[in-house]
Amino acid sequence: MSFARWVSIYGATYWTGLAWTAFIALWASFGAIVWGCVLLLIRLSAGRWGIRGVDAYVQLFRNTPVLLPIYLIYFAFPMIGLPWPAVVCGGLALILQNGAYISEILRGSVNAIDRVQFDAAKSLGLAPWGTFRKVVLPQVLVYSLPALGNQVVLLLKDTSLLSAISITELTMLAKLLTEQTGAAYEAFLVVALLYLLLVSSTEVLFRV
């Protein structure tokens with residue numbers, strides 16, 4: 001069977017996987033950025049122990065594979081009375097993992113801000129949260145935008161690992177089609193093209 005004919009027959013099947021991949025990547029990216037901001041706020045305002053706690057968290061998640069929190073959350077949560085859907089468990093694992101990287105990206109951007117601005121905010125009577133929200137965060141997001149775009153792309157590609165817990169995203173869908181049709185080349189080539197489309201669109205969005 002030619003590749004074009006295979007796509008014409010099974011191409012529509014990919015919409016489900018594409019929708020799940022885009023949905024998980026979107027909400028997990030948003031959650032990871034928010035979580036990264038929370039970790040940054042803790043680092044800036046919680047003193048020495050806050051810094052040590054965030055550093056320990058970042059080292060833990062930066063030095064362990066993404067599959068580890070995926071499996072731990074998916075299999076351990078039901079044992080403590082939290083039988084969450086696989087998509088929630090997988091998305092949460094991506095948020096926790098990528099939030100650690102994003103907090104470091106944001107920390108580097110904070111270091112690029114002139115320290116005089118912090119003194120000025122303090123002299124105006126701004127509380128730590130007010131300083132973070134009105135002075136730090138707007139500049140940090142601008143400085144870190146290119147790096148955040150790269151991290152979102154990595155998170156998007158990491159959604160393929162959620163096939164390990166039977167979420168029917170693009171990679172899992174291609175695996176199922178391969179088992180049904182025996183056409184491994186065609187099934188995964190389409191997935192590669194769709195990931196290329198998603199990544200390219202994400203990069204264009206961040207450039208804009």
Side-chain angles (χ1 to χ4, degrees), residues 10-40 42 53-54 56-106 144 147-180 184 187-203 205-206:
Y10 298 104
T13 309
Y14 284 92
W15 282 111
T16 300
L18 181 62
W20 274 114
T21 297
F23 171 71
I24 295 170
L26 184 63
W27 79 266
S29 297
F30 177 77
I33 292 172
V34 171
W35 180 230
C37 291
V38 171
L39 293 174
L40 176 64
I42 294 172
V54 172
Y57 175 89
V58 169
Q59 290 303 316
L60 174 65
F61 279 93
R62 287 178 65 181
N63 294 294
T64 53
V66 186
L67 269 176
L68 186 60
I70 291 174
Y71 281 139
L72 282 176
I73 294 174
Y74 181 69
F75 290 111
F77 273 33
M79 298 174 65
I80 59 174
L82 296 173
W84 291 354
V87 65
V88 175
C89 294
L92 179 59
L94 293 178
I95 289 172
L96 295 175
Q97 185 90 11
N98 287 274
Y101 287 94
I102 289 175
S103 71
E104 288 298 284
I105 292 171
L106 299 179
S144 61
L148 285 177
N150 290 335
Q151 194 61 42
V152 169
V153 167
L154 292 174
L155 187 152
L156 172 61
K157 292 189 290 185
D158 281 346
T159 59
S160 62
L161 297 174
L162 301 184
S163 61
I165 55 175
S166 301
I167 296 176
T168 314
E169 43 69 61
L170 284 172
T171 305
M172 183 64 176
L173 188 64
K175 180 176 180 293
L176 293 175
L177 284 175
T178 299
E179 292 172 353
Q180 294 171 9
F188 284 100
L189 180 58
V190 173
V191 167
L193 294 174
L194 289 174
Y195 271 115
L196 181 61
L197 175 63
L198 288 171
V199 169
S200 301
S201 301
T202 301
E203 291 176 343
L205 179 63
F206 273 89

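Positions are given from 1 along the sequence.
- The minimum heavy-atom distance between Gly17 and Leu173, with the atom names listed, is N-CD2, 3.9 Å.
- In this view, Ser144 and Ile105, Leu106, Ser109, Val140, Leu148 satisfy the side chain to side chain contact (heavy atoms under 4.5 Å, CB included) rule, not counting sequence neighbours.
- Judged as a salt bridge (charged side-chain N to carboxylate O under 4.0 Å, His left out), not a single pair has a partner in residues 77-94 (not counting sequence neighbours).
- Residue pairs meeting the ring pair (Phe, Tyr, Trp, His ring centres under 6.0 Å) criterion with at least one partner in residues 149-171, sequence neighbours excluded, do not occur; the list is empty.
- Judged by distance alone, the side chain of Glu203 and the main-chain N or O of Phe206 form no donor-acceptor pair under 3.5 Å.
- The structure places OG1 of Thr202 at 11.0 Å from CG of Leu154, a figure rounded to the nearest 0.5 Å.
- Within the model, atoms CD1 of Ile73 and CG of Leu94 stand 9.0 Å from one another, a figure rounded to the nearest 0.5 Å.
- Applying the salt bridge (charged side-chain N to carboxylate O under 4.0 Å, His left out) definition to pairs two or more places apart or across chains, none involves residues 72-88.
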request  = For side chain to side chain contact (heavy atoms under 4.5 Å, CB included), just list the numbers for Val190 and Leu177, CA-CA rounded to whole Å, side-chain angles, deciding distance to a tenth of an Å, and then say yes or no.
outcome  = CA-CA 11 Å; Val190 173; Leu177 284 175; over 6 Å; no
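- Residue pairs meeting the salt bridge (charged side-chain N to carboxylate O under 4.0 Å, His left out) criterion with at least one partner in residues 75-101, sequence neighbours excluded, do not occur; the list is empty.
- One finds the CG atom of Leu92 at 11.5 Å from the CG atom of Leu72 (value rounded to the nearest 0.5 Å).
- Atom CG of Leu194 is separated from atom CG of Leu189 by 9.5 Å, given to the nearest 0.5 angstrom.
- Residue pairs meeting the salt bridge (charged side-chain N to carboxylate O under 4.0 Å, His left out) criterion with at least one partner in residues 96-105, sequence neighbours excluded, are Arg43-Glu104, Arg62-Glu104, Glu104-Arg107.
- Applying the side chain to side chain contact (heavy atoms under 4.5 Å, CB included) test to Pro85 and every residue at least two apart in sequence or in another chain returns Val87, Val88.
- Applying the side-chain hydrogen bond (donor to acceptor under 3.5 Å, both in side chains) test to pairs two or more places apart or on separate chains, none has a residue in residues 67-91.
- The minimum heavy-atom distance between Gly91 and Ala28, with the atom names listed, is O-CB, 4.2 Å.
- Applying the side-chain hydrogen bond (donor to acceptor under 3.5 Å, both in side chains) test to pairs two or more places apart or on separate chains, those with a residue in residues 149-163 are Asn98-Gln151.
- Sorted by first and then second residue, the side-chain hydrogen bond (donor to acceptor under 3.5 Å, both in side chains) pairs involving residues 13-39 (not counting sequence neighbours) are Trp35-Tyr57.
- By the side chain to side chain donor-acceptor pair (under 3.5 Å) test, Gln97 pairs with no residue at all, sequence neighbours left out.
- When all heavy atoms of Gly36 and Ile102 are compared, the closest pair comes out as CA-CG2, 4.1 Å.
- Closest non-hydrogen pair, Leu156 versus Ala25, comes out as CD1-CB, 3.6 Å.
- Counting all heavy atoms, side chain and backbone alike, Thr178 lies closest to Ala187 at OG1-CB, 3.5 Å.
- Nearest heavy atoms, Leu18 versus Leu170: N-CD2, 3.5 Å.
- Atoms CG and OG1, on Leu162 and Thr168 in that order, are 11.0 Å from each other to the nearest 0.5 Å.
- Applying the side chain to side chain donor-acceptor pair (under 3.5 Å) criterion to Gln59, with sequence neighbours excluded, gives Asn63.
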